[in-house]
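All remarks here apply to the structure that follows.
Scope of the values below: all heavy atoms of this structure, side chains included, with no hydrogens, waters or symmetry mates.
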Amino acid sequence: MAQINVIGKNGGRSIELDLPEVNPHVLHEVVTWQLAGRRRGTASTKTRGEVSRSGKKMYSQKGTGNARHGDRSVPTFVGGGVAFGPKPRSYSYALPRKVRQLGLAMALADRQQQGKLLAVDGFDLDGKTKSFVAWAQQNGLDGSERVLIVTDDELTRRAARNVPWATVLPVAGLNTYDILRHERLVIDAVALEPAKHEVVAEGVQQ
């Protein structure tokens, strides 16, 4: 059972979370699934039926000494169509919800084990970047590490969004990939409460 201390205006308590043991394979599966869903899949090539070429036979079938060709749209000619080229498609695929939930819980467990998880109840900021930077320095965030700020506090998100080393997300946007690509995680304490934690873990994570 992990003990997570809560700081902030309404802090001074701890949250108990039953976090799983970190399994790199599960994290890899979830991150791969997320990135596949983010791929645009817009690459497209023209087939021999789509290129702008005449369909007329190039020359006589016999007597020229050349190979027997039909038209110039075939892939063997410059300007012809592409054989087996990419077409617009979706790279997304289904991943069991329990695996997604487990991956998110493992990402939280990894940051907690490293001492890089900070739960906050009440940032008490005024929406100014200067006030967020001062708050960050008071809590050991000096800009040497990338920090993911997950909060529904609009003033906090506004204050942190212009800081180059910070990424801001609402609680509903919490996902495995963004947790793992940042060294530190600062999150609303309410999102880690057992009941709320289950709801967050069911997110799409795209």
Side-chain angles (χ1 to χ4, degrees), residues 2 4-11 15 17 19-20 22 26-40 92 95 97 99-206:
I4 301 174
N5 295 325
V6 180
I7 66 169
K9 182 179 180 181
N10 304 314
I15 299 174
L17 277 183
L19 296 174
V22 178
V26 174
L27 293 175
H28 178 269
E29 287 292 324
V30 175
V31 169
T32 301
W33 166 76
Q34 276 190 249
L35 296 183
R38 294 183 183 187
R39 292 184 66 176
R40 295 180 64 187
S92 63
L95 190 70
R97 185 182 66 178
V99 178
R100 303 199 305 265
Q101 291 176 339
L102 185 60
L104 181 56
M106 286 182 177
L108 291 173
D110 182 68
R111 289 297 172 263
Q112 191 274 332
Q113 290 172 8
Q114 295 181 17
K116 304 290 187 179
L117 175 60
L118 198 62
V120 183
D121 189 357
F123 285 88
D124 197 26
L125 299 179
D126 59 2
K128 302 292 186 180
T129 302
K130 183 178 180 179
S131 64
F132 172 77
V133 172
W135 179 91
Q137 290 177 345
Q138 291 173 3
N139 292 279
L141 308 176
D142 57 3
S144 61
E145 297 176 310
R146 291 174 298 175
V147 180
L148 178 63
I149 312 292
V150 181
T151 179
D152 285 334
D153 185 346
E154 180 61 33
L155 290 177
T156 301
R157 293 210 302 264
R158 189 185 307 169
R161 65 188 179 186
N162 288 329
V163 178
W165 44 265
T167 302
V168 182
L169 288 177
V171 172
L174 181 65
N175 65 87
T176 304
Y177 174 65
D178 282 323
I179 292 175
L180 295 179
R181 74 187 185 95
H182 293 81
E183 284 80 13
R184 281 186 175 269
L185 171 63
V186 178
I187 186 170
D188 278 348
V190 66
L192 296 178
E193 299 289 348
K196 180 69 175 178
H197 176 64
E198 293 297 327
V199 175
V200 171
E202 294 179 4
V204 178
Q205 298 194 16
Q206 293 283 0

**Report entry** Close side-chain approach of Trp165 to Leu141, heavy-atom, < 4.5 Å
**Finding:** yes

Query raised in the report: Can you tell me how far the CZ atom of Phe123 sits from the CG atom of Asn139, to the nearest 0.5 Å?
Result: 9.0 Å

Requested in this report: Give me the one residue out of Glu29, Gln34, His28 that meets side-chain contact (heavy atoms from CB on, under 4.5 Å) with Thr32.
Outcome: His28

Query - Rounded distance (nearest 0.5 Å) linking atom CD1 of Ile179 with atom CG of Leu148 - result: 6.5 Å

Report task. Would you indicate whether the side-chain heavy atoms of Trp135 and Val186 approach each other to under 4.5 Å? Result -> yes

Query raised in the report: Nearest heavy-atom pair of Ile149 and Val147: which atoms, and what distance?
Result: CD1-CG1, 3.5 Å

Query raised in the report: When you measure from the side chain of Asn10 to the backbone N and O of Gly122, does any donor-acceptor pair fall under 3.5 Å?
Result: no

Query raised in the report: Can you check whether Val190's main-chain N or O pairs, donor with acceptor, with Asp188's side chain at less than 3.5 Å?
Result: no

**Report entry** For Leu19 against Ala105, the heavy-atom pair lying closest together
**Finding:** CD2-O, 3.9 Å

**Report entry** Where Ile15 and Ala189 come nearest, the two heavy atoms and their spacing
**Finding:** CD1-O, 3.5 Å

**Report entry** Leu27 CG to Leu180 CG distance, which is reported to the nearest 0.5 Å
**Finding:** 5.5 Å

Query raised in the report: If you take all heavy atoms of Val22 and Ala109, which pair is closest and at what distance?
Result: CG2-CB, 4.1 Å

**Report entry** Qualifying residue, where the test is side-chain contact (heavy atoms from CB on, under 4.5 Å) with Thr176 and the options are Leu102, Leu104, Val26
**Finding:** Leu104

Query raised in the report: Hey, what do you get for NE2 (His182) to CG (Leu169), rounding to the nearest 0.5 Å?
Result: 7.5 Å

**Report entry** Nearest heavy-atom neighbours spanning Leu125 and Ser131
**Finding:** CD2-O, 3.8 Å

Query raised in the report: Do Asp110 and Gln114 pass the side chain to side chain contact (heavy atoms under 4.5 Å, CB included) test, and can you show the C-alpha distance, the side-chain angles, and the key distance before you say yes or no?
Result: CA-CA 6 Å; Asp110 182 68; Gln114 295 181 17; 3.2 Å; yes

Query raised in the report: Counting N and O atoms only, with roles assigned by atom type, does the side chain of Arg184 sit under 3.5 Å from a partner on the main chain of Arg111, one being a donor and the other an acceptor?
Result: no

Query raised in the report: Can you tell me how far CD of Gln137 sits from CG of Asp142, rounded to the nearest 0.5 angstrom?
Result: 8.0 Å

Query raised in the report: Between CD1 of Ile187 and CG of Leu192, what distance do you get to the nearest 0.5 Å?
Result: 4.5 Å

Report summary line: Smallest heavy-atom separation, Arg157 atom then Asp152 atom, equals NH1-CA, 3.4 Å

Query - Side-chain (Arg146) to main-chain (Arg181) donor-acceptor, under 3.5 angstrom - result: yes

**Report entry** Donor-acceptor under 3.5 Å (Arg100 side chain, Leu95 main chain)
**Finding:** yes

